[in-house]
Every structure is written in C-alpha cells, then in structure tokens.
2 protein chains.
Amino acid sequence: MANIYAVAKEAKVSVATVSAVVNGTAYVSPQLKARVEAAVHKLGYQPNLLARSLAKQRSHMLGMIVPDIANPFWPEVVRGAEDAAHAAGYTLVLSNTDDDPRKEELYLRLFLAKRVDGILLAKSPGRLSREMAALLGVGRIPLVKLFRARNDLPGDAVLLDDRQAAFEAVSHLVRLGYRRIGMIMGVKEVSTGRRRLKGYRDALEQAGLPFRPELCRPGDYRVQSGYSGGLDLLKLKPDAVFISNYLMAVGFMQAMRQYQIRCPQDVAIVTCDDHPWLDSFAPRLTTVNFPKYTAGAEAARVLVERLANRGRAARTIELRSSLTIRDSCGYALQQAAAQRA
Amino acid sequence: MANIYAVAKEAKVSVATVSAVVNGTAYVSPQLKARVEAAVHKLGYQPNLLARSLAKQRSHMLGMIVPDIANPFWPEVVRGAEDAAHAAGYTLVLSNTDDDPRKEELYLRLFLAKRVDGILLAKSPGRLSREMAALLGVGRIPLVKLFRARNDLPGDAVLLDDRQAAFEAVSHLVRLGYRRIGMIMGVKEVSTGRRRLKGYRDALEQAGLPFRPELCRPGDYRVQSGYSGGLDLLKLKPDAVFISNYLMAVGFMQAMRQYQIRCPQDVAIVTCDDHPWLDSFAPRLTTVNFPKYTAGAEAARVLVERLANRGRAARTIELRSSLTIRDSCGYALQQAAAQRA
DNA sequence: CTGAAAGCGCTTACAG
DNA sequence: CTGAAAGCGCTTACAG
C-alpha cells in the first residue's frame, strides 16, 4: 500500500505538505493541494493509523472490559459505547472476562501494551493486583468504572441506581400484598450486587417486614445459579421473588417449571433488565428497566471528555431505572379479580 | 512509560538484546538475560505494540463486521470469534453496520487504515463499491465471509446450512399436518435470506403443497418487520408460519397477541435461532438451532489459518443446524390429543 | 553472542 | 507557504 513518501513523490512535494493536506492541519496553496489530492486518489493512499498513533502518542482506541457479551444484558451497553466512541473518533476494543480476575488482568495488560487511550471497566470481583494498579496509575491512563464501582479504584463512574431499582421492585411486590418475598442475589463481591441487596432490605424494612437471610440466595448473573437458587428457595415457599438479573430469572423459571409452580399464581416475580422480547412471552415479566444503551454511550462520552480534560474532578453519574409492570408480579391478576368483585 | 531504550540503558545492553530477550527471538547469555529481565521488571516495561506492529507490518488485529450486536443472534457469534482470536494471539475489533452499506464502507476503510491483518465480514445487502473492492484486493487483505456469502467476494466462508435448516423446519410443520404454511422471510438481498426461502419452497414442493407468494412476507431480521409482516400475514389465515429469525418471531408474537390468536392452537410457529431462555417462557418456541459460538470461532480460526498460509485454495465451511422441538409447533399438543384418543 | 544502524510510516517544530 | 530532518518505539539484517 502506498505510503506518504510515495504520495509526496507523485505530487512532487514534501511529506510535510502531504500530511498538512491530508489532515487539514496547515494552510497549503490551492495548486499544491490539488496536486496532493490527485496523488492521494491516484495511489489510493490510506494513511497508516498505526504510524500516526505512534507519532502522536495517541491510539484513538478505547478498551472495554465486560463479563460476557453473550449475557443479554451487555450487548446494548456495548452498542451504546461503540456508537458514542465512533462518534467521537475512537475505536472500541472489547474483551470478555467471565468475571475471572486473571483474564481481566491479562486483558488490561494487553490494553496497556496496545496503548489504548482509555478504559471502560466493568470490574470483576475483587481488587486489582498491586502491580496492575501501579501500571494503571503510572501510565495515567483514564479509566471509567462501568456499573461496578470500587472505592479503591479512582476515577469517573457511570452507575445504575441499583439500590433504588431493587427498592422499587420489592416495594411494588409489598404493595401487591406479598409478605414472604425472596431474592436471588447478584454477585456480592461487586457493587451492583450489594446495592440491590440493600434496596431489597430497605424495602422490607420500610414495610415492617422481617429480613430472612434464608430467603436470599446467592447468584452470579448466570442461568445456572438462578436455577439452583430457585430449587432451594422454592422449598421455602416464598410468595414472591425479586431476581437480580434476566439470566437468573430464566434459570429460576426452569426451577418453577420443574416443581410445577405457576407464575404469578403461586409465586410472583420481579426481575432486573428489560428486553424487547419480554412482551411476547408468558409469563410477561415485570422488570426494573435499566437504560443500557444510554449507560454505555454515557460511559464512553465521559471517558472521551476525560481524555480532553485530565484536570477536572472525577464524576459519578447514576442513571435512573424505571419499573415496567407486566404480568409476572401478579398485578394483572389482582386487577382482574378486583374487576370481578 | 519506559521504552526499550530505557531498558537497554538500565541493563547496559543494546536494544537488540532487550528485544531478543523480551521476544525470545535469539539466544542471549544467561547473565545478560538476567540483567535485562531485572531492568524490565524494575521499570515496569511493557513493549509498545503499536511500534511493534509498525515495525513488523502486522497489527495482530482482526476486524469484524456484524449488522448489530444488540440483535441476540450476534453476541454468541462474536464471543466465539473473540475467544478464538485471542487464543491465536489476535485482538478483535468490532463494528456494527445496521446493514447499512455506507456504514459498512466506512468501517472497512477504518479497518484498512488501522492495518488489521484480516476481516470477518457479515456482509450488508448489496455489493461492495468498486473502490472498496479494489482497496481490499490491492491490500491483499484476507477476508472471511460470515454467513452471508457472495460470489463477487472471493475468499473463505463459514456458512450456516440455511436451506437445509428451513427445509427441516417446514418439513416438520408439514409432518404435523399443517397445509397452509406462511413465512416471514429474512433479508432477501443476502444469501441467508434467499437460502432459507429456498428451503421453505423445497419443503412445500416435496410435500406436494402449492407455493403461495402471498403467504411469504418480507422481513429484515428486526422486531418491527416481524410485527407488521405478522399483521398482514395473519389476515390470510395460515395454520403455521416459519419465521427466519428470533427478533422477527418476537414481533410476530406481538401481532398474534394483538389479534388474540393463540400459538400453537390457532397458528403454529417454527423459528430460526435458539436461545438459552426459550425453555422458560410460553409458548416454548420450536426452533432451528444454529451453532452460533462455533460459527464465530470457526470463522476466526479460518482467518488465522489463512494469514499463516496465503497460498491455499479458499475454503467454504457449512455448519449444521438442528431442530429443537418444543411447544410452538403444536407437537406436544398433538401428542396429548393422541394420548387421549 | 552482541551492538550500531536502518527502516516501518507517520507528525511536527524549525528554518527559510 | 514549504521542506529537511528528527522523533515516536519497535525489529532485524549485518558486522564483528
């Protein structure tokens, strides 16, 4: 592929002039400009971004770390981040950690080696190794925390209103008259999981309901944990359950199916994460709807702004969720009953 | 961040020696090696991959183009590709085209400028511009076609058995006794769409059933087209429908809901794409299950092999689908009826 | 076995 | 306004 020297030769100018017209970075007389443009076109010249990055010491790449793109929570987040990144002239490089700190470490190291300009991090459980923390600090590479906040990680953050979301979900169940409300928890080692648990407890407390630890089952945001948690929890006869994400709800439904327990007639459910297809299948899930696309886009924007202005104080943005009421909470059922009465 | 010169200075050797030990590319005496390693550790040296790529003329990046990562068909494909790419020492850069040829052109150009070593392409409708075709040809940059094949695009391909998949799905419906079978088609300008339509027609023909064009509604793999197609199609009273992907099935279900038509009692459905959550919600969808993760991984592997061996003749790999029978096709219903009889 | 030096393809002060 | 040259951080023949 033609390089800048070939273009300069063809146009009979210096490479500085070619660079100036290609980047519009300095005035070039119309005649020279025309000659350069003709040469660029003739040779099909595409500036080598690798070389440019090396020279400018900016790669215009952003690294993004998520647990698993195949978990349907993440694609929209990633899409939002990608659109915003591209709009700002950045390319996004994605990695999946499966919430494994070793993979995370590996990919962070790779990002550093590739000299990404900044990082979007949905942190896996646990703290960074001292070494990685030092590397990140030394390079002064901006990092924005995505959903999963940590006090030991400095910098900007865009979060969900996890506590509030869980609080509203559970309060909704309380309002519908359920008294024995269980929970399939999120990853406890991570802020989203802890905050959702807090919301659950706060809602119970406000309703004057006791907190029963045995009704709270651990989960890891995957199908299997929702299933096994459901198998255990359902034996304890809850009348409603709040589930921390969609995939665990899927597993929980498998458990209900196995026990031949109906939703919402026997056990009501409210879930986190909304999806376009939830309206089309029964039971139609009542959910707490997080603005996923917006969150990803916002995170990328915050990172890009940070790149432009390193001095500014760190920001934390918290995005609001909204309750989408459908059938699985039993609301429609109660309405129908009221109607008949 | 420390560079190779700083390390060389610290270890009192030349940069060639540092390079040799960092890359294990030549024998270095134990003493020098130890000194270099100590210096690397002390300075926290991370080789700059940008510079390495420039020097070696290989970026170790793979570009991947998909329509939309937020369409649940793609995340698993991407995850497969990413895992395989990383395993082979490559980094994947992803772009979403929304099946818009202009975005596709834009991103391809970006990939070329970034000097990716190869491209995984789920082609948007239509042919490449002459210019892009020339660029791709000139750079001799390997490209593997993902699912969407085109004769005017040379190179390796990994495909789904679209025709066979559709054939089996529709034959299954025929076997269950349906005679007025409709279809929500995929994107016709793309091979997957055409091949699935072919499978549908072949199945009808083999069953001696007439092909009725009015029962085939266009679709674009998005929810909305399944919905509006469903609204139209259902007026024609089909007894069963084959739908080309999951998102359109979601839209189709919305249309059924609106008309208060039940599935499978009134209209049976078989769909393309399986998902982990389909077991948990009603109607439980009977689907043609494509090996998505494997397909992505396979495509990345084919591309990496091509990079290692440019001479070899182009390969086309076709992956087999399998029918997953659940409730939406009415099979269970018929079984129950037979039981009673 | 080890090092000096050229080259990868850009950008950018600095002269003129 | 334009160009010669150094620099970004690597790799890799080529001497010795």
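Here is how names work: the chains are called A, B, and so on, in the same order as the sequence lines, proteins then strands, and each is numbered from 1. These figures come from a predicted structure and were not determined experimentally.
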Separation between CG of Leu120(B) and CG of Leu143(B), rounded to the nearest 0.5 Å: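 If we round to the nearest 0.5 Å, Leu120(B):CG and Leu143(B):CG are 8.5 Å apart.
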Nearest-0.5 Å distance that lies between atom CG in Leu136(A) and atom CZ in Phe111(A):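 It is 11.0 Å, given to the nearest 0.5 Å.
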How close or far is atom [atom2] of [N] from atom [atom1] of [X], stated in whole angstroms?
| X | N | atom1 | atom2 | result |
| --- | --- | --- | --- | --- |
| Asn3(B) | dT11(D) | CG | P | 12 Å |
| Gln57(B) | dC10(D) | CD | P | 17 Å |
| Lys33(A) | dT2(D) | NZ | P | 11 Å |
| Leu54(B) | dT11(C) | CG | C1' | 13 Å |
| Lys56(B) | dG9(C) | NZ | P | 16 Å |
| Asn48(B) | dC8(C) | CG | P | 18 Å |
| Leu50(B) | dT11(D) | CG | P | 13 Å |
| Arg52(A) | dG7(D) | CZ | P | 22 Å |

Nearest to the side chain of [X] - [options]?
| X | options | value |
| --- | --- | --- |
| Ala51(A) | dC1(C), dG3(D), dG9(C) | dG9(C) |
| Ala55(B) | dC10(D), dC1(D), dG3(C) | dC10(D) |
| Val13(B) | dG3(C), dC10(D), dC1(C) | dG3(C) |
| Val28(B) | dT2(C), dC1(C), dA5(C) | dT2(C) |
| Ser19(A) | dC1(D), dC10(D), dT12(C) | dT12(C) |
| Ala16(A) | dG9(D), dT11(C), dA4(D) | dA4(D) |

Sugar-phosphate only, base, or nothing, as touched by Gln46(A) at under 4.0 Å among non-hydrogen atoms: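 Counting heavy atoms under 4.0 Å across all strands, the contact made by Gln46(A) is with sugar-phosphate only.
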Base of dC10(D) paired with side chain of Tyr5(B) (donor-acceptor, under 3.5 Å):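 When only heavy-atom distances are counted, Tyr5(B) does reach the base of dC10(D) through a donor-acceptor pair under 3.5 Å.
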Base partner of dC1(D), which must satisfy Watson-Crick or wobble distances under 3.5 Å: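 Its partner is dG16(C).
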His86(B) and Tyr107(A) aromatic ring geometry - parallel, tilted or perpendicular at 30°/60° bounds: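 If you compare the ring of Tyr107(A) with that of His86(B), the planes turn out tilted.
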Residue whose closest nucleotide on DNA chain D lies nearer the 5' end, Leu32(A) versus Val15(A):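 In this pair, the answer is Leu32(A).
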DNA chain C: 5'-proximal contact among Arg35(B) and Tyr45(A) (nearest heavy atom):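 Upstream on the strand: Arg35(B).
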Asn48(A) side chain reached by Asn3(A) side chain, heavy atoms, under 4.5 Å: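 Result no, sub-4.5 Å side-chain heavy-atom pair not found.
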Contact summary for Ser124(A) and Val190(A), nearest pair of heavy atoms: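 Shortest heavy-atom contact: C-CG2, 4.3 Å.
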Thr25(A) side chain near dT11(C) phosphate (N/O to OP1/OP2, under 4.0 Å):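 No.
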Phosphate OP1/OP2 of dA4(D) contacted by Ser14(A) side-chain N/O (<4.0 Å):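 Looking at the OP1 and OP2 atoms of dA4(D), neither is under 4.0 Å from any side-chain N or O of Ser14(A).
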Check: Trp74(B) ring centre within less than 6.0 Å of Phe147(B) ring centre: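 Yes, close enough.
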